[in-house]
A.B. asks: 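Okay, here's the structure, questions in a sec.
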Amino acid sequence: ISICRDLPNIEVITFSVNGISDLEPLHQCQNLSELYLRKNNITSLDELFYLKTLPRLRVLWLAENPCCGPDPHRYRMTVLRNLPSLQKLDNQAVTEEELSQALVDGVEITAPPARRSVENGWSESTASSAARSTIEPESELFSCSLEETNKTQEELDMKLVPRDKYSSFSPQETDCSRKKRNNVLNAILLLMKELDAEGLEIIQQTVVRRLQAFQKKELQEE
């Protein structure tokens with residue numbers, strides 16, 4: 001889910017059944033309108049804190065997460081109290097009566113969820129992130145992401161991208177650009193698993209047009 005930090009303009013995210021527990025990477029996705037997180041590992045409704053800053057969020061599917069708890073009414077009221085702009089929650093339309101009732105029965109979330117502490121006082125997520133950025137060379141980060149991308153391609157029964165071709169960036173391209181390009185590719189491949197035949201045909205047609213445009217541009221430059 002960390003790839004979402006590099007996708008601020010994304011509008012629809014489908015991450016159902018992915019073992020996700022932390023929604024912090026989503027708080028910068030200001031154009032997000034639909035978010036599907038069914039059957040993950042979100043243990044606390046405090047994670048909604050990161051969604052309260054998303055002005056366009058209208059559809060949320062959070063069912064079958066541990067945070068839903070044993071009381072469906074309390075869960076729904078809490079979500080709607082903190083995200084009153086939702087039009088649909090867990091595939092069920094939100095009513096004006098529910099929004100009014102949520103002000104009474106729902107719990108207001110005013111702070112992000114507490115993370116497990118480590119010895120130096122940092123949160124676990126902060127510590128692991130800092131350690132990763134300081135002790136792992138760029139090449140290892142890129143290699144790891146490439147392996148993940150290739151694994152996704154295998155799941156989609158796609159031809160793997162050769163390492164030499166995948167790494168053939170222009171000299172002017174920065175390390176940051178390479179990482180962003182890799183993250184965007186990985187995000188596209190992950191989201192493709194959620195598409196049906198009609199959606200994949202649209203993707204195919206779009207890719208063909210883009211490739212033709214690139215080829216035309218290259219011919220003009222030559």
Side-chain angles (χ1 to χ4, degrees), residues 1-42 47-62 65 82-83 85-89 112-113 115 125-126 128-130 132-133 136 138 140-156 158 161 166-167 169-170 172-196 198-200 202-207 209-211 213-214:
I1 194 173
S2 61
I3 58 177
C4 294
R5 294 191 181 98
D6 294 323
L7 302 170
N9 295 319
I10 195 166
E11 297 179 6
V12 178
I13 294 178
T14 301
F15 275 151
S16 298
V17 199
N18 266 288
I20 290 169
S21 59
D22 177 11
L23 301 185
E24 184 275 333
L26 298 174
H27 81 281
Q28 295 180 350
C29 301
Q30 293 294 297
N31 288 332
L32 188 63
S33 62
E34 298 183 25
L35 177 60
Y36 300 91
L37 294 168
R38 183 180 61 86
K39 265 191 177 180
N40 277 285
N41 193 34
I42 302 168
E47 295 289 340
L48 295 174
F49 177 82
Y50 300 116
L51 305 183
K52 294 176 70 172
T53 59
L54 307 181
R56 301 185 180 181
L57 187 61
R58 297 293 180 267
V59 176
L60 175 64
W61 199 325
L62 198 58
N65 275 277
N82 291 277
L83 302 174
S85 296
L86 287 181
Q87 297 175 355
K88 185 179 288 188
L89 173 60
R115 307 294 182 199
S125 58
T126 302
S128 62
S129 176
R132 190 164 59 246
S133 63
E136 286 188 358
E138 166 64 27
E140 291 184 14
L141 284 171
F142 182 72
S143 175
C144 178
S145 296
L146 180 58
E147 290 172 3
E148 292 174 357
T149 302
N150 282 346
K151 182 180 178 182
T152 305
Q153 289 174 309
E154 287 176 346
E155 294 174 357
L156 292 170
M158 298 170 66
V161 179
Y166 192 82
S167 305
F169 301 98
S170 64
Q172 293 81 12
E173 195 159 20
T174 64
D175 291 343
C176 181
S177 297
R178 288 202 299 271
K179 288 165 63 178
K180 183 174 181 180
R181 183 174 175 181
N182 189 36
N183 286 338
V184 170
L185 175 60
N186 204 23
I188 292 171
L189 294 176
L190 286 169
L191 293 173
M192 281 177 62
K193 291 191 290 186
E194 304 293 334
L195 295 176
D196 56 14
E198 182 180 358
L200 289 172
I202 295 173
I203 293 293
Q204 183 184 35
Q205 293 168 6
T206 304
V207 169
R209 287 196 296 268
R210 289 280 290 168
L211 285 173
F214 278 124

A.B. asks: Is there a side-chain contact between Leu83 and Leu60, using heavy atoms and a 4.5 Å cut-off?
C.D. replies: yes
A.B. asks: Which atom names give the shortest non-hydrogen contact between Cys4 and Pro25, and what distance separates them?
C.D. replies: CB-O, 3.8 Å
A.B. asks: Using every non-hydrogen atom in the two residues, find where Asn18 and Ser16 come nearest and quote the distance to one decimal.
C.D. replies: ND2-O, 3.0 Å
A.B. asks: Distance check, rounded to the nearest 0.5 Å: Glu47 atom CD versus Ile20 atom CD1?
C.D. replies: 11.0 Å
A.B. asks: Partners of Arg38 by salt bridge (Lys or Arg N to Asp or Glu O under 4.0 Å), sequence neighbours excluded?
C.D. replies: Glu64
A.B. asks: For the residue pair Pro55 and Gln30, what are the closest heavy atoms and their distance?
C.D. replies: CD-OE1, 3.4 Å
A.B. asks: How would you list, by chain and number, every residue that makes a side-chain hydrogen bond (donor to acceptor under 3.5 Å, both in side chains) with Asn82, sequence neighbours excluded?
C.D. replies: Lys52
A.B. asks: Quick one: side-chain hydrogen bond (donor to acceptor under 3.5 Å, both in side chains) partners of Asn31, sequence neighbours excluded?
C.D. replies: Asn9, Arg56
A.B. asks: Starting at CZ of Phe15, measure out to CD1 of Ile3 and round the result to the nearest 0.5 Å.
C.D. replies: 4.5 Å
A.B. asks: List in chain and number order the residues that pass side-chain hydrogen bond (donor to acceptor under 3.5 Å, both in side chains) with Glu34, two or more places apart in sequence or in another chain; answer none if no residue qualifies.
C.D. replies: Tyr36
A.B. asks: How far apart are the closest heavy atoms of Ile42 and Asn65, and which atoms are they?
C.D. replies: N-OD1, 3.1 Å
A.B. asks: My understanding is that only residues two or more places apart in sequence, or in another chain, count here; which of them pass salt bridge (Lys or Arg N to Asp or Glu O under 4.0 Å) with Lys88?
C.D. replies: none
A.B. asks: State which residues pass side-chain contact (heavy atoms from CB on, under 4.5 Å) with Leu7; sequence neighbours excluded, sorted by chain then number.
C.D. replies: Ile10, Val184, Ala187
A.B. asks: Any side-chain heavy atom of Leu26 sitting closer than 4.5 Å to one from Leu23?
C.D. replies: yes
A.B. asks: Do you know which two heavy atoms are closest between Tyr50 and Leu54, and how far apart they sit?
C.D. replies: O-CG, 4.2 Å
A.B. asks: If you measure from CG on Leu62 to NZ on Lys39, what distance do you get to the nearest 0.5 Å?
C.D. replies: 14.5 Å
A.B. asks: Under the rule for side-chain contact (heavy atoms from CB on, under 4.5 Å), what residues qualify as partners of Ser85, not counting sequence neighbours?
C.D. replies: Arg58
A.B. asks: What are the two closest heavy atoms between Gln28 and Arg5, and how far apart are they?
C.D. replies: OE1-O, 3.9 Å
A.B. asks: Quick one: are Val59 and Leu86 in side-chain contact, heavy atoms under 4.5 Å?
C.D. replies: no
A.B. asks: Rounded to the nearest 0.5 Å, how far apart are CG of Leu35 and CD1 of Ile13?
C.D. replies: 6.0 Å
A.B. asks: Kindly indicate whether the side chain of Thr14, heavy atoms from C-beta on, has any atom under 4.5 Å from the side chain of Leu37.
C.D. replies: no
